[in-house]
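No hydrogens, no waters, no symmetry mates; every other heavy atom, side chains included, goes into these values.
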Amino acid sequence: MEKFSTKMGKWVKFNAKVNYLHKTSDNTPVTGYSTSSPTYYIVWGLTSNSMRLYKDEYFSGRVNSANYNGGCKDGLGMVNSLGNSQPGNPYHQLYEATNSINKSRVYGTMNLTISFPVKGLTLDLRGGTDISADFRQQQKPFYTPGYKSGFYREQNNRDEETNIDFLLKYVNNRMAGKHLAFNAAFGGNNMSRSVYRSQITLDKLGEPGVYNASNTPTGETSRPYQWRSKKVVNSFYGFISASWDDTYFLDLTARNDWSSTLGRGNWSFFYPSVSASILLDKTLNLQEVAPQVNMLKLRASWANVGNDTSPYSLTDAYTASSTYPGGYTYPTNCSNYYIKPENVESWEAGLETMFFMNRFGFDVAFYNSSTTNQIVNAVTDLMTGASSKKINAGEIRNRGIEIALHAVPVRSLDFTWSIDINWSRNWNKLVSLEDGWDIRTPYEQTKNLIGNYGRILSYIGEEMNIIYGRGYERAPEGATYIDADGNTVNCAGMKIITESTGYPVMTTDNIRLGKVNPTWRGGLGTTLRYRDFTLGLNFTAQMGGHAYSFTNAILAYQGKLENSLPGRNDGLVVEGVNVSTDAEGNTVYKLNRTPTEQINKYYTTYFARDNAEENVFKTDFLKLKEMRLDYTLPRKVCRKLKVLQGAAIGAYATNVFCISDFPQFDPEAGNIVGTNIYSGIEIGAMPMTRT
């Protein structure tokens, strides 16, 4: 980073700053349900193969044409229960199917500050730019699943953003007998963002191990792709900030944007805000009445915020078909020229305190947020010719509470122990969708992430992001059976079992299995300082959320988990009840005593992949996110060295442990679709990274 500052006369000052960043990686990992991800082989690799066999196969040079074509005698490779005839090797993927990136970023600003003869009146003229360029290479060697002759892609990406703005500012902290402090400003901004994408893809390589755009086999051609986009937003804004006796505070803001990504009539949106606060310790003279109260602050705010969308999402355009030369395809996502800007209206009220020489304090805040006209892609019936359409999604409401506590239980010259705790809870609700939406039809952001095994749906009038899927048919309320001793036993909620086969009965429709959003989230940070040594611990936790684990479903489906052990050798009697009808037409229940007809069919059809209920788990957890130990060099040592004002050396560890009943690696894992991360569904997620 370089800085430059100079005065250009009595009233003018010039500042400039430039930063340069460079980042490289020889192989960024691929995650999720893909043969390019190493976790795919853990999920779908042969049950009888250990990872050591794959390792020996790769390092002994046996990833070759014979193995790929199914001719290997040792049975190694990714030949699995799905009958995949193109084996793969995770070590082959890790070491040779690489994804490299080389990125440079330059950003900086130039600022001209003009001071006027009127005291406190200044004008800032500023220009800034942020340019990033990266070169990416994706390569797959010969005998990669789906790419027997290899694969190569290179991408050149460039992103540019330029901002030009002005801000006329007036500051006066000595008004009305020095009681009033008053600040005001008015400004404008022009933001221009350009995106450039260029790539070339080779679906086959002419020579193995040669990765460049000209290595195409005879008769094959490369596939070019280019994308350009530009977005411009013009803005005017202003604010007023005032305080009285450093006790009463008021802030007002207003802004209007004009965005090029919205259609005529909708491209202008206005959003104001107001906030106020009072120091009650001063108004109530608590310094004298209750000296143990160091601060008592009451605050409230209201804000209205607008937002636009991405470029070129107003109208549809045909795309050249890669399957039929000379043909064109229509987009699968329908655009909407009349899309409106998003709007978020929120208010918050809070109380902030400090006591006992700032050794104890708390901050409590209540908020309400209403998002209207949220721009989303809603799933549509394929009969319309598209899988989704862009809509303004009515109203989504969030209400919640946030609590923060600060305490210093011990404070002395040599030793200090401090604790910071935060806790929050949010209640959300889908209030409405677009006009004419059938309330019986749920809103779904992403469809068929895991086929029909599990879906995340939101119904109007209910909490959002609920997991639905097939599960067990269960006995209704009031159901009973007679046991061997003649006693009446309540069997409501027990699984219904087919008496002739011993298999449980599955629901034909999707049932509610759990909510994605946790009931509450929290964190705890504690610091212990002894002289020049400081130990810091940071914990995080959440309770009440759920997620569907597709990894768990597939592993259980193949018998790789301990939950598929019962009944393998001697059969299994599933706990539940049989249902029949007596001569008078009454429903009769009795305890199931029929062993499953085929234990393999039970696990593959009724327990594992096809049963979403068995694969939805709580995402409750407690994590030690970071542990850090620092030693600060004493000041007298720094003074003697004369070249240091201060120095410290430390050691730290991240993701030290995680306590959770979630069966896979990380209860916070999400599923990536494009550039979006969706919670509630885990598919081949990577383990947590411990540093």
Side-chain angles (χ1 to χ4, degrees), residues 11-13 15 109 111-126 163 165-191 233-258 268-290 293-307 343-355 358 361-370 402 404 406:
W11 309 104
V12 181
K13 185 178 180 180
N15 295 284
T109 58
N111 188 76
L112 194 67
T113 301
I114 303 172
S115 300
F116 294 98
V118 178
K119 186 178 180 180
L121 184 64
T122 60
L123 174 65
D124 284 322
L125 303 175
R126 187 177 61 173
N163 285 274
D165 59 55
F166 74 92
L167 186 66
L168 183 64
K169 203 166 34 173
Y170 176 71
V171 178
N172 192 331
N173 296 321
R174 304 290 182 180
M175 298 177 68
K178 299 183 180 180
H179 293 287
L180 176 66
F182 179 82
N183 304 325
F186 174 76
N189 176 266
N190 168 263
M191 188 279 292
V233 178
N234 293 318
S235 310
F236 283 116
Y237 43 80
F239 70 84
I240 296 174
S241 177
S243 65
W244 185 267
D245 283 340
D246 291 328
T247 303
Y248 306 92
F249 303 88
L250 177 66
D251 294 284
L252 304 171
T253 72
R255 180 180 179 120
N256 199 96
D257 285 355
W258 291 263
S268 173
F269 45 98
F270 174 73
Y271 43 106
S273 74
V274 56
S275 64
S277 60
I278 304 173
L279 290 176
L280 295 177
D281 57 295
K282 291 187 176 182
T283 60
L284 301 177
N285 197 24
L286 296 181
Q287 293 91 340
E288 297 181 6
V289 178
V293 180
N294 303 116
M295 184 185 70
L296 185 61
K297 180 180 179 181
L298 185 65
R299 68 179 188 274
S301 63
W302 172 88
N304 197 76
V305 179
N307 191 28
N343 186 78
V344 181
E345 182 178 6
S346 61
W347 61 261
E348 178 181 318
L351 179 67
E352 187 176 351
T353 66
M354 291 300 293
F355 302 94
N358 295 324
F362 64 85
D363 189 337
V364 181
F366 301 89
Y367 66 86
N368 182 88
S369 175
S370 177
E402 297 175 343
H406 172 73

*Close side-chain approach of L250 to V274, heavy-atom, < 4.5 Å*: yes
*More than 12 non-hydrogen atoms from neighbouring residues, nucleotides or ligands closer than 6.0 Å to NZ on K282, yes or no?*
yes
*Sequence neighbours excluded, which residues qualify as side-chain hydrogen bond (donor to acceptor under 3.5 Å, both in side chains) partners of T247?*
none
_Partner residues of T109 under the side-chain hydrogen bond (donor to acceptor under 3.5 Å, both in side chains) criterion, sequence neighbours left out_ = none
*In chain order, what residues pass the side-chain hydrogen bond (donor to acceptor under 3.5 Å, both in side chains) check against Y170, with sequence neighbours excluded?*
N172
*Heavy atoms, side chains only, cut-off 4.5 Å: are M295 and L279 in contact?*
yes
*Check side-chain contact (heavy atoms from CB on, under 4.5 Å) between D257 and all other residues, then give those that pass, not counting sequence neighbours.*
V233, S235, R255, F269, Y271
*Is there side-chain contact between N307 and V344, with heavy atoms separated by less than 4.5 Å?*
no
_Minimum-distance pair of heavy atoms, taken over all atoms of M354 and G361_ = SD-CA, 3.8 Å
*CG-CG distance between L280 and L298, expressed to the nearest 0.5 angstrom*: 5.5 Å
*Only counting residues at least two apart or in another chain, list the ones meeting salt bridge (Lys or Arg N to Asp or Glu O under 4.0 Å) with R299.*
E348, E352, D363
*Kindly give the heavy-atom pair with the smallest separation between L180 and A242, and that separation in Å.*
CD1-CB, 4.4 Å
*Excluding sequence neighbours, so at least two apart, what forms ring pair (Phe, Tyr, Trp, His ring centres under 6.0 Å) with F366?*
none
_List the residues meeting side-chain contact (heavy atoms from CB on, under 4.5 Å) with F186, not counting sequence neighbours, and say none if there are none._
F166, F236
*Working to the nearest 0.5 Å, report the span between NZ of K169 and CZ of F239.*
6.5 Å
*Which distance, rounded to the nearest 0.5 Å, do you find between the CH2 of W347 and the OG of S369?*
11.0 Å
*Atom CG in N234, atom CG in N190: separation rounded to 0.5 Å?*
5.0 Å
*asked:* As an exercise, state the distance from CH2 of W258 to CZ of F270, rounded to the nearest 0.5 Å.
replied: 10.0 Å
_Partners meeting side-chain contact (heavy atoms from CB on, under 4.5 Å) with F355 (sequence neighbours left out)_ = V293, T353, F360, F362
*Can you name the side-chain contact (heavy atoms from CB on, under 4.5 Å) partners of L112, sequence neighbours left out?*
M8, V12, F14, L125
*About how many Å separate CG of D165 and CG of N163, when rounded to the nearest 0.5 Å?*
6.5 Å
*asked:* With a 4.5 Å cut-off on side-chain heavy atoms, are L252 and P272 touching?
replied: no
*Nearest heavy-atom neighbours spanning S241 and D251*: OG-OD1, 2.7 Å
Which atom pairs, one a donor and one an acceptor, fall under 3.5 Å between side chains of residues 113-122 and the rest of the protein, sequence neighbours left out?
from, atom 1, to, atom 2, distance (Å)
T113, OG1, N111, ND2, 2.9
T113, OG1, D124, OD1, 2.7

*With sequence neighbours left out, what residues match W302 under side-chain hydrogen bond (donor to acceptor under 3.5 Å, both in side chains)?*
E345
*Who passes salt bridge (Lys or Arg N to Asp or Glu O under 4.0 Å) against D281, sequence neighbours left out?*
none
